[in-house]
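What follows is a set of notes on a single structure, which appears directly below.
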Protein chains: 2
Amino acid sequence: MKYKLISYQSPNDDFPPLLKKFNYIQPLAEEEILALMKLHQYSTIIDKETVFLEQGEVRNKSFIVMEGWAYRYSSLESGNQQIINYYLPGDVISPFALVMPKVSYSVATTSSRLQVCVFEPDVLIELFSIYPRLAILYGWMLGREDASMAEQVIRLGRHSAYKRTAHLLLELFHRLKVIGINDENTFHAPLTQQLLADTLGLSLVHINRTLKKLQKENLINISAKEIWLLDITKLKQIAEYRIYYLDEIKKLNTANIPSLAA
Amino acid sequence: MKYKLISYQSPNDDFPPLLKKFNYIQPLAEEEILALMKLHQYSTIIDKETVFLEQGEVRNKSFIVMEGWAYRYSSLESGNQQIINYYLPGDVISPFALVMPKVSYSVATTSSRLQVCVFEPDVLIELFSIYPRLAILYGWMLGREDASMAEQVIRLGRHSAYKRTAHLLLELFHRLKVIGINDENTFHAPLTQQLLADTLGLSLVHINRTLKKLQKENLINISAKEIWLLDITKLKQIAEYRIYYLDEIKKLNTANIPSLAA
DNA sequence: TTTCGACTATATCTTATGAAATACAAATTA
DNA sequence: TAATTTGTATTTCATAAGATATAGTCGAAA
């Protein structure tokens, strides 16, 4: 795979999504920004609907999503697949590549192409030793991903199809909001109903039924690749949506951490 | 909460489970062992069937499970709960406490009491800066937990009750095997059928049906708190069990990591 | 403009799983 | 020892979701 060198000369340029995300919880220092830009030197584009990492292969690189979506999944003998989680702009694919170079689950692109930046994960060690706060932010990101997967478990385990669907749409909406790429109550989702079904553990027919129901009740509206959440308050009620990890991220305060006070 | 000081004078003592786990993938150096023992200075005991951490509370401590089981869960308005994951001996509860002091999901003990060691998560920063390989091992542990949750998503999303049950039992069995506290094909599980139901997104009645079916087919056997896996090969076939992260952990090799070669 | 393929929509029938009720068995407590 | 609680076992019935089939829709290619 060939990687193109991209140029972000100054931090005055529009921040890449990972920095937007970090900056959202805590303003970054000039030098931290420059350090993070080192992870953004090489970019590549993956075609839509393409398997990008295959379960079992060895690839000791990490990737930052710049544009487009990807998903991690597992294929089953039945021919079905289960989507484990989505990677949206600002998310890191294979954040543990340093210690787990063997890919545990395949990663593929959705119905839009994907632009990622590639970095050698051992650069992180150097980065963290110079800027310990970046280690904190990276850890915070991992904690967020953990919480996001926990929500996926709760959806699949104890929510009805109806609740699941509302819940997932709300979560995607809020994750996109943090990196500031959606409007008031609408977002662009490069997904098919088949992918939604594989995410929520439903059949294609049933996700269709459920989306139609939500539409008929004027809770959502779906066009080509755009999704409107028409009544977020009511959707939240239906979905029992109360995600801590997204609402309270502004509270990160490194002053409490002795080893970073100096 | 009061913590009792515990004493492990020399590494010749029997390793605590976290060290057993680390040592299983890579032999630890004498000084690394001593460093890790700093995380094991204070221990406490939590009664069985007790909520240990409550969703929303602030508790910037991490805990290492020494003995007994705990689980992380979410309570729903319906009165149901969904178990997200289990903490077995050697697992760390709140591994991200440093950056996420607000507890996202409640943690409770199962039907046996729990012994944990408590440590200040910012000790990790110091530890990792002196012994970078410990950072690698910690990261490996996080990667493993991520994979374990991914398996939970797959079970809930695309497996039948029958498959789910077989799969979970196999995973618990293998996780316990790493820390060496089970026999050939049996393990002690301080679980009720209600907890299993809440883990696998099933009703109490249905998990009972399913367990009975597995027993009738001579695949498992359950007594008081002991579970036998009578035909692991067949169970693996049924469950489509092929967990990378557990089978291939011996392969961790830090020689490949430039920044740790020196 | 037609054809093609991918996605969405809907109906019909089937089945896995849930809910409610009840019995039993074992462990705790009085 | 009886009384109470807690967990397991099983039945009967209801229903959410799956499977299969078929048709509409829409954009891309030709």
Side-chain angles (χ1 to χ4, degrees), chain A residues 47-50 76-82 108-113 155-168 188-217 220-227 238, chain B residues 47-50 76-82 108-113 155-168 188-217 220-227 238:
Chain A
D47 218 24
K48 65 177 183 174
E49 287 150 30
T50 306
L76 301 169
E77 282 164 13
S78 62
N80 283 333
Q81 58 177 12
Q82 175 61 44
T109 52
T110 65
S111 47
S112 72
R113 60 173 218 177
R155 273 194 293 266
L156 292 170
R158 285 285 182 232
H159 287 178
S160 66
Y162 187 63
K163 222 169 161 179
R164 269 183 234 184
T165 309
H167 198 280
L168 177 67
H188 175 79
L191 298 174
T192 62
Q193 296 194 356
Q194 184 60 62
L195 283 176
L196 281 175
D198 290 340
T199 309
L200 296 174
L202 299 170
S203 66
L204 179 56
V205 172
H206 204 63
I207 186 68
N208 183 273
R209 279 199 272 250
T210 309
L211 288 172
K212 285 276 105 182
K213 194 180 172 205
L214 285 165
Q215 273 177 309
K216 267 176 198 151
E217 291 167 344
I220 66 168
N221 192 10
I222 300 184
S223 82
K225 296 263 131 52
E226 199 79 10
I227 299 179
I238 290 165
Chain B
D47 218 24
K48 65 177 182 172
E49 285 150 33
T50 306
L76 301 169
E77 283 164 12
S78 62
N80 282 334
Q81 58 177 14
Q82 175 61 46
T109 52
T110 65
S111 48
S112 72
R113 60 173 218 179
R155 272 193 293 264
L156 291 170
R158 285 285 181 232
H159 286 178
S160 66
Y162 187 64
K163 224 169 158 178
R164 269 182 234 185
T165 309
H167 198 280
L168 176 67
H188 175 79
L191 298 174
T192 62
Q193 296 195 353
Q194 183 60 61
L195 283 177
L196 280 175
D198 290 341
T199 309
L200 297 174
L202 299 170
S203 67
L204 179 56
V205 172
H206 204 63
I207 186 69
N208 183 272
R209 279 199 270 249
T210 310
L211 288 172
K212 285 275 105 181
K213 193 179 172 203
L214 285 166
Q215 271 177 310
K216 266 175 201 152
E217 290 168 343
I220 66 168
N221 192 10
I222 300 183
S223 81
K225 296 261 131 49
E226 200 78 10
I227 298 179
I238 289 165

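Lettering of chains follows the sequences in order, A, B, ..., and the numbering in each one begins at 1. Because the structure is a prediction, the values reported are computed rather than measured.
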Q.
So if I take residues 203-214 of chain A and measure heavy-atom distances to DNA chain D, which residues fall below 4.0 Å?
A. A:S203, A:V205, A:H206, A:R209

Q | A:T199 (side chain) donor-acceptor with A:A197 (main chain) under 3.5 angstrom | A | no

**Q.** Whether A:E49 side chain and A:T109 backbone form a donor-acceptor pair below 3.5 Å
**A.** no

Q | Any residue of residues 188-196 of chain A with a heavy atom less than 4.0 Å from an atom of DNA chain C | A | A:T192, A:Q193

(Q) Just verifying a value: how many Å separate A:Q215 CD and A:N221 CG, rounded to the nearest 0.5 Å? (A) 5.5 Å

(Q) Tell me if a side-chain donor or acceptor on A:S111 pairs with a main-chain N or O of A:P190 at a distance below 3.5 Å. (A) yes

**Q.** Closest non-hydrogen atom pair between A:Q82 and A:L156, with its separation
**A.** NE2-CD1, 3.9 Å

(Q) Quiz question: by atom type and distance under 3.5 Å, do the side chains of B:H206 and B:R209 form a donor-acceptor pair? (A) yes

Q: Answer whether the closest heavy-atom distance between the side chains of A:L196 and A:L211 falls below 4.5 Å.
A: yes

Q. Do the side chain of A:R155 and the main chain of A:R164 share a donor and acceptor less than 3.5 angstrom apart?
A. no

If you restrict it to nitrogen or oxygen atoms, what contacts under 3.5 Å exist between nucleotides 25-30 of chain C and the protein, and what is each distance?
none

Q: Could you grab the distance from atom CD1 of A:I220 to atom NZ of A:K212, nearest 0.5 Å is fine?
A: 9.0 Å

Q: Please report how far the helix from C:dT1-D:dA30 to C:dA30-D:dT1 bends, comparing the axis fitted to its first five pairs with the axis fitted to its last five, to the nearest 10 degrees.
A: 40°

Q) Would you say the side chain of B:N208 lies within less than 4.5 Å of the side chain of B:V205, judging by non-hydrogen atoms? A) no

Q) Hey, does B:L200 have a side-chain heavy atom less than 4.5 Å from the side chain of B:T210? A) no

Q | Whole-Å gap separating P (C:dG18) and CD (B:Q82) | A | 11 Å

Q: Taking all heavy atoms of B:T50 and all of B:D47, pick out the closest pair and write down the distance.
A: OG1-O, 3.0 Å

Q: Grab the two heavy atoms, one from A:L204 and one from A:I207, that are nearest each other, plus how far apart they are.
A: O-CG2, 3.1 Å

**Q.** Outermost nucleotides of DNA chain D that come under 4.0 Å of a non-hydrogen atom of chain B
**A.** D:dG7 to D:dT12

Q | side chain to side chain donor-acceptor pair (under 3.5 Å) partners of B:D198, counting only residues at least two apart | A | A:R158, B:Q81, B:Q194

Q | Spacing of CD belonging to B:E226 relative to NE2 belonging to B:H188, to within rounding of 0.5 Å | A | 7.0 Å

